[in-house]
Amino acid sequence: MMKLNFKRVFFLIGFWLSLQGQAQNPLVTHRFSADPTARVMNDTLFVFPSSDTTCAQIKGNNGFCMPDYHVYSTTDLTTWKDHGEILSHNTVPWVEENSYGMWAPDCIEKDGKYYFYFPAMPKDKSAFRRIGVAVADTPTGPYTPENSYIEGIEGIDPNVFIDDDGSIFLYFGGGENLFFVELNQDMKSIKTKPQKVQGLPSKYKEGPFVFKRNDKYYFTFPHAPGPAEEISYAVGDSPRGPFEYKGKVLEHWKDGCWTNHHSFVEYKNEWLLFYHHMDISGNKHRRSMCADRIFFDENGDIPEIKATQRGIAKLFAKDPIQLDKYSVLENATVVKTDAPEPNWVVKRISNKTKLTINDINFEKSKFEQIALFVSATQKAQIDVFANSKKIAEISVPKMKEGEWRAIKAPLEFTPKGMQNLSFKFSRDTEFLSLDWMQCLTKNQVLLSKSYDVELFNHLNQRIVWEGSKGKVYSLKEFQALTPHLLEENKQQADLHINGKKVVSLDDVKKGDVISFSSDKSRKIYNAFDGIEAVNFSDQEGVMVEACKLGGKNVGYIENGDYLIFNNLKFHHVPQKVTIGVATPNTGGVVEIRKENLDGELIASINIQKTGGWQNWSSVTENVSSEIKDNEKIYLVFKGSKGFLMNIKDVRFE
């Protein structure tokens with residue numbers, strides 16, 4: 001390995017610092033955005049969500065800290081614009097100051113005015129939540145709130161529906177019952193007293209959203225008949241009900257996110273479902289809005305869909321495409337990386353893995369090669385298919401553990417128009433991971449790097465670009481750019497062209513794929529000093545959360561999940577192992593195994609109740625077999641249904 005320093009450069013690629021983002025799930029990543037209400041206004045799709053934040057001193061309710069509202073818009077379902085704050089808990093006269101209780105909103109247009117409805121905590125303490133309205137001349141504001149809340153109603157999650165005859169309905173509430181009133185034409189006062197919505201199933205419900213299609217009224221709502229909220233719907237012949245329950249559209253989350261909140265909208269002849277999840281944060285109180293397409297069958301029923309990472313964005317083969325934004329993924333998993341920007345990769349790949357990304361537009365471009373940004377500790381092969389016809393065979397080289405590298409392969413033919421891409425995997429795929437792909441013409445040069453590598457030009461200005469993907473240049477542009485690493489930074493990296501290690505960029509040609517891969521060393525821990533569980537080398541199924549003892553712990557552990565430690569130093573043969581655990585349940589069993597998931601069992605630890613998810617105890621068990629340096633240690637979790645335990649640390653003695 002050597003330090004690289006090149007002389008020629010032409011320009012600095014400026015970082016595109018804005019509040020826009022490329023829409024794949026989650027739709028925006030610079031803020032947390034829950035409870036999305038989508039509306040089409042002036043041929044533009046607007047989304048009005050609530051805002052989750054982190055408060056030093058939680059006020060609000062139920063751990064949610066929600067101070068304000070932003071509005072977002074798109075015209076292409078791909079690029080989203082944040083129009084900024086439109087309302088805050090401290091800009092509404094009747095709302096308690098610093099109450100952090102601005103929950104799920106709605107917005108609707110009538111006669112050229114835009115009415116924004118929201119629940120909030122009133123200063124007069126007259127109810128848990130009151131519902132107010134603010135008015136604007138444009139969807140993006142500025143919005144002027146009324147001096148007081150709407151008299152005669154109290155509750156959460158307002159939704160407004162205007163029927164074809166001009167009747168105006170406001171739906172609201174959370175609990176066993178949901179309610180509606182008719183509004184007067186002023187949109188600010190009620191015409192009727194609150195009435196229960198009839199025909200809905202039992203158990204907790206909230207977040208009503210009503211729309212009309214083919215003379216049917218669809219009453220949709222988050223419903224919690226089980227461990228978390230699913231998105232359900234009922235159908236009726238009148239906006240007043242009664243409604244007939246039809247079933248669920250979106251299954252409840254199984255990772256600890258209890259809530260969901262949604263809206264349906266038709267935009268450019270497609271029906272879309274907006275909802276939220278905790279994709280970025282891994283915290284049920286800091287959620288992010290997502291969207292997927294839905295469909296209606298010949299009877300007008302809505303078949304259940306699966307939440308996807310693919311989302312609703314338009315994808316083009318000429319652009320970097322995140323492979324974790326799948327349409328179909330089976331026998332593999334998606335995990336969040338430790339990159340400073342939100343980023344996910346596909347892991348746990350086998351020859352049974354099915355990975356498909358639908359509706360990629362190849363346009364009429366003549367692509368000649370495909371590039372993938374991958375990590376692999378053993379050689380593997382990836383076959384790529386466009387609408388079931390093989391277009392490429394990609395040989396993945398063996399890399400260092402943790403290294404990411406851009407590799408390429410020629411295209412056997414150039415697909416045209418809209419294509420569904422699918423991937424098949426063979427050879428040794430156990431530690432193969434995928435980040436993004438991109439198709440290239442013969443005249444292009446692709447530059448990529450690991451997220452922790454900084455590149456510079458001849459003026460020692462940093463070369464940066466949006467996100468963690470690659471950047472495409474013409475050969476002339478690349479020769480003028482000539483990226484390098486600063487000598488004084490003492491930052492080292494391997495340089496690869498077309499997946500092969502080189503020491504110079506002097507011979508870059510058209511069609512080359514250049515990759516700077518990090519030499520960031522793997523941190524090794526003394527097994528006898530102990531290791532925080534969150535310092536695992538790899539994992540399956542678990543999540544990381546803040547710990548009451550300080551730092552973080554591993555949580556949301558279910559049967560079959562596991563942690564891998566490939567970073568432990570053993571100075572002598574251990575006799576015992578101790579783990580820090582917390583659980584309100586009889587937590588199950590932690591199996592400690594060597595080398596692989598089904599490897600030799602060296603300890604089995606039964607976990608009993610500790611009194612709560614953050615009530616910590618230490619449990620010790622004898623080690624029954626010798627452990628050598630550099631052997632992988634697996635913590636495999638076994639138990640019944642549901643979350644089993646939290647793990648804080650592991651220590652051998």
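Treat the numbers as computed from the prediction; the structure is a model and nothing was measured.
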Any carboxylate oxygen within less than 4.0 angstrom of a Lys/Arg side-chain nitrogen, looking at [X] and [Y]?
X	Y	value
K125	E96	yes
K576	E621	no
K205	E229	no

Verify the distance criterion only: is there a donor paired with an acceptor across the side chains of [X] and [Y] at less than 3.5 Å?
X	Y	value
E230	N260	no
Q575	N622	no
E430	N596	no
H70	S33	no

With the side chain counted from C-beta on, respond yes when [X] and [Y] share a heavy-atom pair under 4.5 Å apart, and no when they do not.
X	Y	result
Y100	H89	yes
Y451	N343	no
N585	W613	yes
M645	V590	yes
F373	L323	no
Q539	V554	no
T583	F643	no
W344	D279	yes

message = Could you walk me through whether V345 and D324 satisfy the side-chain contact (heavy atoms from CB on, under 4.5 Å) test, starting with their C-alpha distance in whole Å, then the side-chain angles of each, then the deciding distance to 0.1 Å, before giving a yes or no?
response = CA-CA 5 Å; V345 298; D324 59 280; 5.9 Å; no
ask   = R651 pairs by side-chain contact (heavy atoms from CB on, under 4.5 Å) with which of T578, I531, D529?
value =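 Per the side-chain contact (heavy atoms from CB on, under 4.5 Å) rule, the option paired with R651 is T578, out of T578, I531, D529.
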On the 0 to 90° scale, with breaks at 30° and 60°, tag the [X]-[Y] ring pair as parallel, tilted or perpendicular.
X	Y	result
W80	F274	perpendicular
W253	Y275	tilted
F128	W103	perpendicular
F570	F652	perpendicular

Heavy-atom donor-acceptor pair, [X] side chain to [Y] backbone, under 3.5 Å:
X	Y	value
T610	N615	yes
S518	V453	no
N283	H285	yes
S515	A406	yes

message = Let me confirm one number: the CG-NZ distance from N535 to K552, rounded to the nearest 0.5 Å.
response =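 Going from the CG atom of N535 to the NZ atom of K552 covers 11.0 Å.
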query = Stepwise, does the salt bridge (Lys or Arg N to Asp or Glu O under 4.0 Å) test hold for R348 with D538?
reply = CA-CA 10 Å; R348 300 285 174 267; D538 206 346; 3.3 Å; yes
query = Do you know which of S517, S375, S450 makes side-chain hydrogen bond (donor to acceptor under 3.5 Å, both in side chains) with E403?
reply =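 Of all the options given, the one that passes is S517.
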query = Pick one: which of D35, T37, D68 meets side-chain hydrogen bond (donor to acceptor under 3.5 Å, both in side chains) with S50?
reply =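 Passing option: D35.
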task = Please say whether more than 12 non-hydrogen atoms of neighbouring residues, nucleotides or ligands are located less than 6.0 Å from NZ in K347.
result =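 Enclosed.
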message = Atom NZ of residue position K123 - does it have more than 12 heavy atoms of other residues, nucleotides or ligands inside 6.0 Å?
response =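 It does: K123 NZ has more than 12 such atoms within range.
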Criterion salt bridge (charged side-chain N to carboxylate O under 4.0 Å, His left out) against E600, the qualifying member of K628, K594, R593 =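 The option that passes is K594.
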message = Evaluate S51 against M66 for side-chain contact (heavy atoms from CB on, under 4.5 Å), listing each step before the verdict.
response = CA-CA 5 Å; S51 299; M66 305 168 70; 5.9 Å; no
